[in-house]
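Report on the following structure.
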Amino acid sequence: MSTATATSRIPHRVKLNLQAIVGRAYPRVIGANREPSWIFFEAILPLLGIAAYVFIYKALATRALGVILTPTPSAPYGMCGPNPCVDAAQQALFQANSIANTNALIATVVLGGAMVAFWLNVLWSMASQLYWEKEIGNLQLYMMAPMSRMALLGGMAIGGMFMTSVRAITTLVVGILVFTVTLQLGNPLLLLGVFFVTLIALYGMGMMLASLYLLWGREAFNLSALLEEPIFFSSGFYFPVGGFARFGTVGGAMLAFATAIPATLGLDAMRQIIVPGSPSLPIPIPWSQGAYLTPDLEFGLLLVLAVMFLFLARYTLAYLEKLARREGRLTSRHQ
Amino acid sequence: MSSAARIHWRSFKWAAWLGWEMDSNWTEPWLFMVYSVIKPIAGAFILVLMYTVFALIGQFRDPDLFSYIYVGNAFFIFVGNTLFGTFQVIQSDREWYQTLRYTYISPISYYTYIVGRAASKVAVAALAVVITLAFGALALGVRFEINLAQLPIFAAAFVLGLFCLVSIGICLAGISFMTAKHTHGLAEGIPGIFYVFCGVLFPLTALPEWAQSVGRGIPLTYWFDLTRRLLLPPNTISTGLGFFNDYEILALLLASSLIFFLMSIGIFKLGEFLARRAGKIDMTTSY
């Protein structure tokens, strides 16, 4: 094929891949709307789990405020931390701090609850999807089709993001309204940038896992189930992840592992941007005393993660395709 | 044993075996055990970190509330596993393995079959609960105070709690006949109802009045309250159920469990009937 011919085919290839993206996103967007029961199951019901975490902080805050505001013979102005309050001013300061801290932690839960939707979508509708397609017999059709497999996964990701955004926005709006969370919007551009780069990195990770799950078979599929609570824990979906740093070497190792997952940095950055006041328990930089990861720095790290995961996704897809041709077992079900 | 009971027992036994094989035969038994307990323990760790972070930021420690949260969460493992173990049978057999049509037309009670399929998940949950409680006692300083004389009440409450959970799971299975592939939404959302309204992680009194009333209508509220009363030392937490003694709580649990059992039969039959009429028994919704 001459250079001119190859060049002239570029518009066709671009169009083909764009069509593939739209074609794969379409069933997720339209199919979901044809089955509206998902809104109840995927957007409304999960709010309850988030509410439970909010009420834990509220219950703790109620007890803490009770201790601060209840005078006793040994502490006439209540307790300020482990010691009695010196005077009414200190008591008022502790009360105000307790209320502000509780607001920050509840905001963390609401934000984490919104991002949980994307993580679950990445696990169950991206990472597991190619394996699922194999099980129901679609994979061989995808492999024979002339478009890039990246376009296919890209369409899946866009459709998934759309569906999941409904749940995430519902969580955010209901969380803010029902739990009267106070947020600030000091740097909306950076917030949007962090949010979208986090999504690209997360879905890039999902695209990479999609190929790996297919290679690993049933074992990998169970990995999705395993990557729910442990990742909610390690990535700090419901508490400031910097809290790990208080647990010495183990906590530091946990933080190092967690920062490889885009949700960790994305959540921490968004939390720092939208929660008023100074950041509580940000992620410390180990080699620089007193310094911590700022949203700008986290944005940069997220960009690196996004590029890395997209590259790895492309590499693993190519490997998968090669293996499929060599071993011919790619479409064998229940393996 | 009557012949009907024998048929039910046989269905239960083989369904339980099938459930165990389907859950566990993808790997070595030891790896499966590790896999089965990591999730719930990570769930417990989330709460530990939430409490720790609150304590660090607010300079406030509350061991009573921490023990309350920890034990509630440990027993909540049964809720997630049992509910998921029951209602996911419909969706996994229908959408994933596409075998529901064959099992459904076989001469067994499909209700019993689902209960059997859930049994392996209940067994795995029991192991995870024991490990979580032991970890709490040994590593996190959760204090337990168990009176041997109260063991029969604990055993009765435990059996009733599981019975009630299976009944609720069957209700959801009945609804699943009619819904699309929403296993994960259900798995996450329905336990969320109990998480919020049953005083699992925080006392009922932390909820608004109307929500406390909802909680008092759910049998699991009594199960969690009684379990904590029997396992933890007396504490300063006002649960909103303090005016009931242990036997009254047990009686409430028994009554509400029976109501849910009858509801499970009704909802399951209704879901089955509607799905058959709409031709949805073996539908797939794989978008």
Side-chain angles (χ1 to χ4, degrees), chain A residues 27-28 31-32 35 37-38 40-42 44-53 55-64 67 80-82 94 97-98 101-102 104-105 120 124 132 135-136 138 217-219 221-222 225-226 228-230 232-234 236-240 243-244 246 280-281, chain B residues 25-27 31-32 35 38-47 49-62 64-65 68-69 95-98 178-186 188-197 200-203 205-207 236-237 284-287:
Chain A
R28 291 209 161 171
E35 184 63 60
S37 60
W38 76 272
F40 176 72
F41 291 108
E42 302 285 336
I44 309 295
L45 276 183
L47 284 170
L48 293 166
I50 294 158
Y53 287 120
F55 275 111
I56 292 176
Y57 283 132
K58 278 185 179 272
L60 279 164
T62 306
R63 304 257 301 173
V67 170
C80 291
F94 259 73
N97 281 346
S98 182
N101 289 337
T102 307
L105 291 171
L120 289 179
W124 293 107
W132 172 249
E135 294 299 299
I136 60 175
N138 283 344
R218 289 178 64 196
E219 291 85 350
F221 190 67
N222 286 287
L226 197 60
E228 289 184 357
E229 283 83 356
F232 299 160
F233 166 64
S234 60
F237 276 80
Y238 300 114
F239 54 85
F244 281 125
R246 305 292 182 99
S280 49
L281 300 176
Chain B
N25 76 356
W26 54 275
T27 187
L31 188 59
F32 176 69
Y35 163 84
I38 280 182
K39 260 172 81 89
I41 286 182
F45 275 12
I46 291 174
L47 299 171
L49 258 290
M50 285 174 73
Y51 170 78
T52 308
V53 160
F54 190 91
L56 280 172
I57 299 174
Q59 299 177 46
F60 170 75
R61 294 186 188 283
D62 190 345
D64 283 354
L65 189 56
Y68 181 101
I69 293 170
E95 311 252 348
W96 179 254
Y97 297 106
Q98 298 179 10
M178 294 298 296
T179 64
K181 196 179 70 173
H182 297 309
T183 317
H184 298 295
L186 273 175
E188 206 189 343
I190 298 295
I193 295 175
F194 305 125
Y195 230 29
V196 174
F197 293 109
V200 178
L201 301 176
F202 47 84
T205 47
L207 292 169
T236 58
I237 294 168
T284 55
T285 52
S286 52
Y287 48 79

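We name chains A, B, ... by the order of the sequence lines, and we start the count at 1 in each one.
The side-chain heavy atoms of Leu49(B) and Tyr238(A), taken from C-beta on, include no pair separated by under 4.5 Å. The shortest distance between side-chain heavy atoms of Thr52(B) and Arg246(A) does not fall below 4.5 Å. Looking only at side-chain heavy atoms (C-beta outward), Pro82(A) and Gln59(B) come within less than 4.5 Å of each other. Lys58(A) is not listed as a side-chain neighbour of Phe202(B), based on a closest heavy-atom distance of 4.5 Å or more. Side-chain contact between Phe54(B) and Ile56(A): absent, with no pair of heavy atoms (C-beta onward) separated by less than 4.5 Å. The side-chain heavy atoms of Met50(B) and Leu105(A), taken from C-beta on, include no pair separated by under 4.5 Å.
Both the backbone and the side chain of Leu201(B) come within less than 4.5 Å of a heavy atom of chain A. Using a 4.5 Å cut-off between heavy atoms, Thr205(B) makes no contact with chain A at all. Looking at Phe197(B), the atoms closer than 4.5 Å to chain A (heavy atoms on both sides) all sit in the side chain, from C-beta outward. Looking at Ile41(B), neither its backbone nor its side chain comes within 4.5 Å of chain A, counting heavy atoms on both sides. Both the backbone and the side chain of Ile57(B) come within less than 4.5 Å of a heavy atom in chain A.
For the set Tyr195(B), Phe194(B), Tyr51(B), the count of heavy-atom pairs under 4.5 angstrom toward chain A peaks at Tyr195(B).
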